[in-house]
Structure formats: C-alpha cells, structure tokens
Amino acid sequence: MSAAEFPATALPFDADEILARLMRWAACESPTFDAAAVNRMMDLASRDLALLGARIDRIPGRMGLGDCVRARFPHPAGDAAPGICVMAHLDTVHPVGTLAKLPIRREGNKCYGPGILDMKGGTVISVEAIRHILAAGMATKLPVTFLLTSDEEIGSPSTRDIIEAEAARNKFVLVPEPARPDGGVVTGRYAIARFNLKTTGRPSHAGARLAEGRSAIREMAKQILAIEEMTTEDCTFSVGVIHGGQWVNCVTTTCEAEALSMAKRQEDLDAGVARMLALRSTANDVQFEVTRGVTRPVWEPDVKGMALFAHARKIANSIGYDINPQSSGGGSDGNFTGAMGVTTLDGLGVQGAMAHTLEEHVLVDSLVPRARLMAGLLTSLD
C-alpha cells in the first residue's frame, strides 16, 4: 500500500522539532488541583494554536478547577458543520515541583518529564499534524476543532458537559491519549466509578484515655480491606487516597478516603456500585458513609468505531507499521463520547511507558509515525 493515497503522511515531520515543543509543554507543570498552573498550560497551548490561525475560545473553569480551551480552525463549511474534534486534556497527576524529581531529559530513545506521555505527547503531535497540514496548503475535508480540558485525571467532573456538547456537534472524535504498549489504538474503554468514603468515630486522649475512643482510622482500615477483597475478574476495587488524623496523641474522629471500581461491562459495574453503596460500619459506635462520585460509562466497540479504526489502520499500513484495536482499562474522555454514539478513536497518542510515575517517558522514535497517522486522519476523514 502506497503513502500516495494519504499525501499528508509524507509531510516533513521532524522528531527533534516535535520534541522541542513537547519539552516546552512538559516543563509547564499543570496538576489538576492547581487551577493557576493548569491555566498557565492553557495559555501556552492557546498561543501555539492561535499562531496557526485557530480561533480561540476560553471556557472558564468551575468547581475550583482550571479553564478549557476550544480552538476552531477556519473551514469553508463553517462552524456549524459537523467535523472532527481532537479531544485532549492538559492536566496531569504530577504536583508542581515534580520537575525536581523528574527533570525533562532525553536519554537515547526515551524522553522523560511529568505528563509528557499522559497526555501532552499526544496533544503535541496533534498540533504538529495540523501545523504541517496548514503550512503545506493542504485542506481538511471536515472542520477541525481542538478541545483541551482541565480535569480528566479526576474523572472530568467539571468538564463532562462541555465534552459531550462539543462531541455532539462533531462527526468524529479523535483522542490522542497514549498508545497501547504495542502501539495499538483504543476502540473501547471499561466503565469506571469513583466513591468517597468517610468514617466517624469518637475522640479521646490516645495516651490517657485510649479505651474511651473509637478510631475512625481503624474503622477505615477495616473497610479498605473489605472493599479491596471484593475484587473479581469482572469488577475491581481499589482505594488510592486516604486522609485521617492530625495529632498522634488523639484518637481520630474522622477519616476520609477515595475508592475506584472498574469493569469491562456496564452491568458488572452497576453491580459493583450496588455492593459499595450497601456497605455498613463494622460496629454500632462508629459510622461509615459511602457516596458515589464521578462515573465513566462503558464504551463498547461499535460498527462505526471499528470502521474508523479500519481507516486508521489503512493509514498506518501506508506509513509502514500496523496498529491493533483494543478495549482498555483506565478511563478517558473517550468513554463519554463513545458511549454517546459519536464515532470515536482513542489511544492515538505517542508510545512510552510509566505514566503517572517518576519514570514517565515517551519513545522519541514514535513521534513522527504517530504525527503522520494523525495528519492522515485529519485530512482524509469525510
């Protein structure tokens, strides 16, 4: 199969140029809960997209979280015509100051940095794709919009309405989340639910009157063990956040935690949610509360999504590599758009490993092939 069928894949992408922009973006730390930091990243991305000719709409954040950016590129069909939405998030899990522990550096084929894989890498290759398309005077068959959101790492509680509204205006959604380990893309995602947990005990002096107290931490510890033991092949449960106590010489009155459940099928997640909400305290003199948090619906592969995958695979094959379709754990905003029935393809970002850790990195030799794939999609979808 010849690349001539998809001329945008032959554009002069350069790995060093892409990497330079990616390093600059990764150096702008943007943890979800630091709205000012996220907004600095939105400023940087907005400027880069505006320089390419996009019309920038800044959407104010809410719930104490950062803003979103919508960048629309001019097209003869106009803004109202259904087109392609490149949907990405610029928040990361890494707090400000992570650069001291995870400095941006290249070591051979690996480039390290906070959020460099999840998902600034994929966003940057998408920007580079549209940059080269425009520089070459090429046209996209459909209008192209970038939607950059600010809270994906916590389940998109403040942006789901924007995500779904923008997806409904478009024919295709392309999500440049990291590629799968084998370079494959994502055609479906598992359902995910989050829960807020709270235990309440009775305070006392831990040294002088220990027996009179009822420890909220002790009760939470029991509940955590019970929750994680509910894990089966069909539905998993984990607790990833816990806060309790302020003074070691006090029996703790309250303890709070956050739990996450994931299932491949919606019915399994629904059953898991019911089990979580049915949990009760282990004794009458302590209290235990479970409230449901953000839920991502299951996104199952469908005919339209698989046709989009087949088209992407044809483009990848013309470039000289293959991609496989996969359903994946680890939610993304593709859960929302895919579950809506909007034709969605996810995992279009760069290859790498160790996301959310101090070893997070991208593979430099994946930058150009993945940019070529995105360029091929943007110019050939109709």
Side-chain angles (χ1 to χ4, degrees), residues 11-62 65-75 79 83-92 94 96 98-99 104 111 113-138 140 143-153 158-159 162-163 166 170 174-177 333 348-350 362 367-368 370-371 374-375 378:
L11 290 168
F13 292 100
D14 182 272
D16 290 335
E17 289 181 3
I18 299 173
L19 191 59
R21 184 186 301 273
L22 178 52
M23 287 178 162
R24 184 162 54 91
W25 280 34
C28 186
E29 296 176 290
S30 52
T32 310
F33 291 113
D34 189 331
V38 171
N39 286 346
R40 287 193 293 271
M41 184 63 237
M42 292 294 174
D43 292 343
L44 177 57
S46 294
R47 191 175 193 280
D48 284 353
L49 288 162
L51 287 171
L52 298 181
R55 190 190 76 209
I56 305 299
D57 297 319
R58 188 73 169 238
I59 305 168
R62 62 192 182 100
L65 299 166
D67 298 347
C68 294
V69 166
R70 180 173 54 208
R72 296 192 191 280
F73 286 89
H75 193 275
D79 286 351
I84 302 168
C85 181
V86 178
M87 189 168 289
H89 68 89
L90 292 180
D91 62 312
T92 78
H94 301 282
V96 171
T98 299
L99 284 170
I104 296 169
C111 186
I116 199 165
L117 175 64
D118 186 9
M119 64 176 292
K120 293 180 181 179
T123 315
V124 163
I125 60 128
S126 302
V127 172
E128 289 297 303
I130 195 71
R131 182 168 75 86
H132 278 78
I133 290 167
L134 295 171
M138 301 178 74
T140 61
V144 174
T145 298
F146 279 60
L147 180 64
L148 308 178
T149 59
S150 57
D151 63 350
E152 191 275 346
E153 292 294 2
S158 75
T159 59
I162 296 169
I163 290 163
E166 194 60 40
N170 284 279
L174 305 180
V175 186
E177 287 277 4
D333 292 330
L348 288 166
V350 299
V362 298
L367 297 178
V368 168
R370 304 302 282 200
M374 181 61 74
L378 292 175

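Computed from heavy atoms alone, side chains included, the values below leave out hydrogens, waters and symmetry copies.
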Side chain of [X], backbone of [Y]: donor and acceptor closer than 3.5 Å?
| X | Y | value |
| --- | --- | --- |
| His75 | Thr140 | yes |
| Arg370 | Gly349 | yes |
| Arg62 | Ser158 | yes |

Which pair of non-hydrogen atoms, one from [X] and one from [Y], has the smallest distance, and what is that distance?
| X | Y | answer |
| --- | --- | --- |
| Thr32 | Leu65 | O-CD2, 3.7 Å |
| Val350 | Val362 | CG2-CG1, 3.6 Å |
| Leu44 | Cys28 | CD2-CB, 4.1 Å |
| Arg58 | Asp43 | NH1-OD1, 2.9 Å |
| Gly66 | Ala35 | N-CB, 3.9 Å |
| Met374 | Pro176 | CE-CB, 4.3 Å |

Would a 4.5 Å heavy-atom cut-off, applied to side chains only, mark [X] and [Y] as touching?
| X | Y | answer |
| --- | --- | --- |
| His132 | Glu128 | yes |
| Thr149 | Asp333 | yes |
| Ser30 | Asp91 | no |
| Glu152 | Met119 | no |
| Thr92 | Met41 | no |
| Leu22 | Lys120 | yes |
| Leu99 | Pro114 | yes |
| Arg70 | Thr145 | yes |

Taking side-chain hydrogen bond (donor to acceptor under 3.5 Å, both in side chains) as the test, write out the residues that go with Thr159, two or more places apart. Asp151
Quick one: which of Asp57, Val86, Ile162 gives a side chain to side chain contact (heavy atoms under 4.5 Å, CB included) with Leu147? Ile162
Identify whether the distance between the nearest side-chain nitrogen and carboxylate oxygen of Asp48 and Arg24 falls below 4.0 Å. yes
Quick one: CD on Glu177 to CG on Leu117, what's the gap to the nearest 0.5 Å? 9.0 Å
Relative to the ring of Phe146, is the ring of Phe73 parallel (under 30°), tilted (30 to 60°) or perpendicular (over 60°)? perpendicular
Evaluate the criterion side chain to side chain contact (heavy atoms under 4.5 Å, CB included) for residue pair Leu90 and Trp25; output intermediate values, then yes/no. CA-CA 9 Å; Leu90 292 180; Trp25 280 34; 3.9 Å; yes
